[in-house]
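Heads up: the structure comes next, in structure tokens.
Here the structure is a predicted model, which is why all the values come from computation and not from measurement.
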Protein chains: 2
Amino acid sequence: MNDRKQQVIIKAHELFIDRGFQATSIQDILDYTNISKGTFYNYFSSKNELLIALFKSLLEEMETKRNSLMTGKDAANIDVFKKQIETQMNTNRKNRLLTLFEEVVLSPDEDIKEYIKESQARMLQWVYHRFEDLFSVDSKPYLLDCAIMFLGILHQNTKYYARTHGSTVNIQLVVNYTVNRIEKIVKEVTDSGEQLIEPDDLKNWLPDAELKDQSRKEQLNYAVLCMKKKLKGSADCSHYYELLEFIRDEFTQSNEPRYHLMKSALTTLQTTIPESVTEDLMKIEEIIGGQARA
Amino acid sequence: MNDRKQQVIIKAHELFIDRGFQATSIQDILDYTNISKGTFYNYFSSKNELLIALFKSLLEEMETKRNSLMTGKDAANIDVFKKQIETQMNTNRKNRLLTLFEEVVLSPDEDIKEYIKESQARMLQWVYHRFEDLFSVDSKPYLLDCAIMFLGILHQNTKYYARTHGSTVNIQLVVNYTVNRIEKIVKEVTDSGEQLIEPDDLKNWLPDAELKDQSRKEQLNYAVLCMKKKLKGSADCSHYYELLEFIRDEFTQSNEPRYHLMKSALTTLQTTIPESVTEDLMKIEEIIGGQARA
DNA sequence: GATTAAATTGAACCGATGGTATAAACTGTT
DNA sequence: AACAGTTTATACCATCGGTTCAATTTAATC
């Protein structure tokens with residue numbers, strides 16, 4: 001993206017942070033960034049589009065940061081999850097992302113509404129999948145309910161905790177408290193067997209592209225899992241694992257997976273693994289293949 | 001309030017419901033209500049003030065409805081609470097109250113922001129006090145946390161439940177599910193002893209007037225309780241109870257307690273109760289006295 | 001260094017908005 | 001009939017988001 005355009009987004013973000021979106025006029029942005037109205041509408045077709053561009057930029061940053069906290073770590077470790085949530089809360093507070101969301105989520109602009117809905121569904125989906133990592137399979141039918149409740153509790157807790165402790169809030173404390181609660185809720189709801197929303201419904205809240213992407217990630221995850229099982233006990237086992245896990249992390253967690261790096265790891269594997277699993281490897285290559293970038 | 005002014009509020013409300021607040025202009029309201037701009041600004045000093053007037057009207061209606069569901073019922077009965085929440089959710093959905101709140105909670109207008117914050121705190125306070133009725137004293141230090149979480153869960157659940165079931169949502173189901181969860185959470189959090197927010201902090205979120213009002217209600221509640229204890233076993237005991245409970249309900253639950261009715265009940269009591277409790281009765285009279293209206 | 005394409009400027013302009021001002025018309029009361 | 005209070009209609013204001021466009025500056029090409 002154009003350097004200057006990115007600069008305008010950043011500067012506008014500063015204005016939004018201390019005045020809010022609605023309260024800053026386009027003229028304010030022009031004055032503050034020293035660009036002309038013509039240039040502005042050359043970059044963005046409307047004030048709302050600028051906001052969406054800002055959202056995209058912030059969310060991308062957030063996702064990469066969140067995912068980078070996972071690589072190499074144990075997905076089932078609750079402390080990793082806590083750290084991820086904590087980081088997201090902090091960058092969110094710094095950027096006023098949720099505040100900006102709330103400010104325009106009910107604006108008359110359909111594009112913005114749709115975009116925010118999608119983003120929220122994506123966040124929900126992420127929590128849901130992390131819960132799959134964290135809790136037992138018995139709980140799976142209830143994990144969407146739990147993800148929904150988790151976000152509700154977290155949001156509400158931070159809101160009122162901030163109201164008493166001002167800007168000196170200890171996010172870590174709130175996150176810890178909230179995660180502790182949801183752990184017990186998951187257990188309780190699994191015991192009682194009460195379900196409010198079917199996890200499959202989650203799919204209807206996300207755009208198709210997102211879904212195909214997600215399903216491919218799941219396929220690869222499964223393929224890697226199968227392969228690891230077959231390789232278990234063989235010579236150089238840990239060597240294979242390292243390469244496989246790298247491919248998996250890169251593909252499932254990076255926003256822009258480094259295609260050639262994964263390809264290289266695949267080639268290395270192809271020349272070293274036992275013949276009995278070459279078929280599985282080809283399967284993996286096939287899944288990744290579709291994701292190739294120019 | 002002026003009849004016509006009230007009509008304008010109602011008509012404007014209709015427009016807000018199907019277009020949203022921001023998307024309906026003052027001109028829209030003028031056309032729809034057939035009043036002139038001059039009259040509008042004679043009634044309301046701004047579009048925002050009209051909205052606040054609407055909020056006040058809706059919230060008052062909601063509170064009276066909510067409280068009327070309590071009179072004569074057992075405050076410790078969870079089903080009564082469920083019914084109250086359900087009713088509030090339904091009238092709220094009909095009126096789009098929460099939607100309107102969300103739409104303007106972050107508007108540049110300070111008055112609106114302040115008003116909404118207060119309303120939310122009042123709702124929170126109500127849930128907190130109802131939780132005091134519902135759960136044991138051991139849980140008291142954790143009930144504010146629970147009230148906060150309850151509202152978060154409820155809000156989030158209805159949001160996503162509606163996303164799958166459209167407008168044909170079964171509110172009762174969501175309320176039931178959510179209350180079931182919070183019951184377990186109260187138990188769990190009481191056992192673990194974890195606290196996030198001190199219940200006393202609630203006082204800082206409410207205006208002073210509200211607080212004095214609330215404290216007087218608590219005083220009266222306590223005074224009635226003491227008196228009932230002393231009267232226990234005496235002749236005409238149930239007769240006294242009836243009068244005392246009426247006074248209590250009227251004073252603590254009605255938005256505009258019927259002063260003369262309470263006074264009449266008090267006089268009846270004064271002439272019939274044993275001398276040993278006349279002092280307690282005077283205490284009650286004193287508490288109510290300050291509440292008198294012209 | 002001249003040519004050319006692209007990016008930028010700035011000002012004029014648009015319709016709609018929330019809000020103001022005011023003189024005239026209408027209303028009910030005594 | 002006289003009165004005050006309410007309501008009306010209209011003209012007016014500044015600001016907003018957004019459009020248009022000719023003129024100028026910038027940067028890449030040969």
Side-chain angles (χ1 to χ4, degrees), chain A residues 1-55 100 103-116, chain B residues 1-55 100 103-116:
Chain A
M1 188 188 301
N2 188 342
D3 231 35
R4 191 128 171 251
K5 185 175 171 183
Q6 190 63 37
Q7 265 302 310
V8 172
I9 295 179
I10 293 171
K11 284 275 195 181
H13 187 198
E14 292 174 17
L15 290 178
F16 294 162
I17 284 178
D18 66 54
R19 307 184 197 180
F21 174 74
Q22 317 211 44
T24 77
S25 70
I26 289 183
Q27 194 54 52
D28 290 335
I29 299 172
L30 303 186
D31 295 343
Y32 190 60
T33 55
N34 283 318
I35 61 166
S36 71
K37 205 162 194 175
T39 311
F40 182 92
Y41 279 99
N42 183 25
Y43 290 156
F44 314 100
S45 67
S46 73
K47 192 187 165 194
N48 286 338
E49 217 199 43
L50 159 64
L51 187 65
I52 291 186
L54 172 61
F55 282 159
L100 288 171
E103 193 175 347
V104 296
V105 69
L106 287 167
S107 82
D109 187 306
E110 283 302 324
D111 288 343
I112 286 192
K113 267 160 64 175
E114 202 53 40
Y115 180 79
I116 292 183
Chain B
M1 189 185 302
N2 189 341
D3 229 34
R4 192 126 172 252
K5 185 174 173 183
Q6 191 62 38
Q7 265 301 310
V8 173
I9 295 179
I10 293 171
K11 284 274 195 182
H13 187 198
E14 291 174 18
L15 290 179
F16 295 163
I17 284 179
D18 67 53
R19 308 184 196 180
F21 174 73
Q22 318 211 44
T24 78
S25 70
I26 290 183
Q27 194 55 51
D28 291 336
I29 299 172
L30 303 187
D31 295 343
Y32 190 61
T33 56
N34 283 319
I35 61 165
S36 73
K37 206 163 194 175
T39 312
F40 182 91
Y41 279 98
N42 183 26
Y43 290 155
F44 315 99
S45 67
S46 72
K47 192 186 164 193
N48 284 338
E49 216 199 39
L50 159 63
L51 186 64
I52 291 186
L54 172 62
F55 282 158
L100 288 171
E103 194 175 347
V104 296
V105 68
L106 288 166
S107 82
D109 187 303
E110 283 302 324
D111 288 343
I112 287 193
K113 268 159 66 174
E114 202 53 40
Y115 181 80
I116 293 183

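- If you take CG of B/N34 and C1' of D/dA9, they are 14 Å apart, rounded to a whole angstrom.
- Taking each heavy atom of A/T33 and A/I29 in turn, the nearest pair found is OG1-O, 2.6 Å.
- Spacing between atom NZ of B/K37 and atom P of C/dG19 amounts to 9 Å, rounded to whole angstrom units.
- Atom P of nucleotide D/dT19 and atom CD1 of A/I26 are separated by 9 Å, given to the nearest angstrom.
- Phosphate proximity of D/dT7 to B/T39: absent, as no side-chain N or O sits under 4.0 Å from OP1 or OP2.
- OP1 and OP2 of D/dT6 both lie 4.0 Å or more from every side-chain N or O belonging to B/R4.
- When the P atom of D/dC16 is taken as reference, atom CG of A/D28 falls 7 Å away, rounded to whole Å.
- If you check distances only, the side chain of B/K47 never reaches the base of C/dG19 with a donor-acceptor pair under 3.5 Å.
- A straight line from CD of A/E49 to P of D/dG17 spans 16 Å, rounded to a whole angstrom.
- As rounded to whole Å, 14 Å separates atom C1' of D/dC16 from atom CG of A/D31.
- Closest approach to the B/Y41 side chain among C/dG10, C/dG19, D/dG18 is made by C/dG19 (side chain taken as heavy atoms from C-beta onward).
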Criterion side chain to side chain contact (heavy atoms under 4.5 Å, CB included) on B/I26 and B/F44, from CA distance to verdict: CA-CA 11 Å; B/I26 290 183; B/F44 315 99; over 6 Å; no
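- B/S25 has a side-chain polar atom (N or O) that falls below the 4.0 Å cut-off from OP1 or OP2 of C/dT17.
- In terms of heavy-atom proximity, A/K47 sits nearest to A/Q22 at NZ-O, 3.9 Å.
- Ring orientation note: the planes of A/Y115 and A/F55 are close to parallel, at an angle under 30° on the 30°/60° scale.
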Between A/T24 and A/Y32, is a side chain to side chain contact (heavy atoms under 4.5 Å, CB included) present by the stated rule, with each step listed? CA-CA 11 Å; A/T24 77; A/Y32 190 60; over 6 Å; no
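- Going from atom CD1 of B/I29 over to atom C1' of C/dG19 covers 13 Å, rounded to whole Å.
- An OP1 or OP2 oxygen of D/dT7 is reached within less than 4.0 angstrom by a side-chain nitrogen or oxygen of B/Y43.
- Going from atom CG of B/L51 over to atom P of C/dG19 covers 12 Å, rounded to whole Å.
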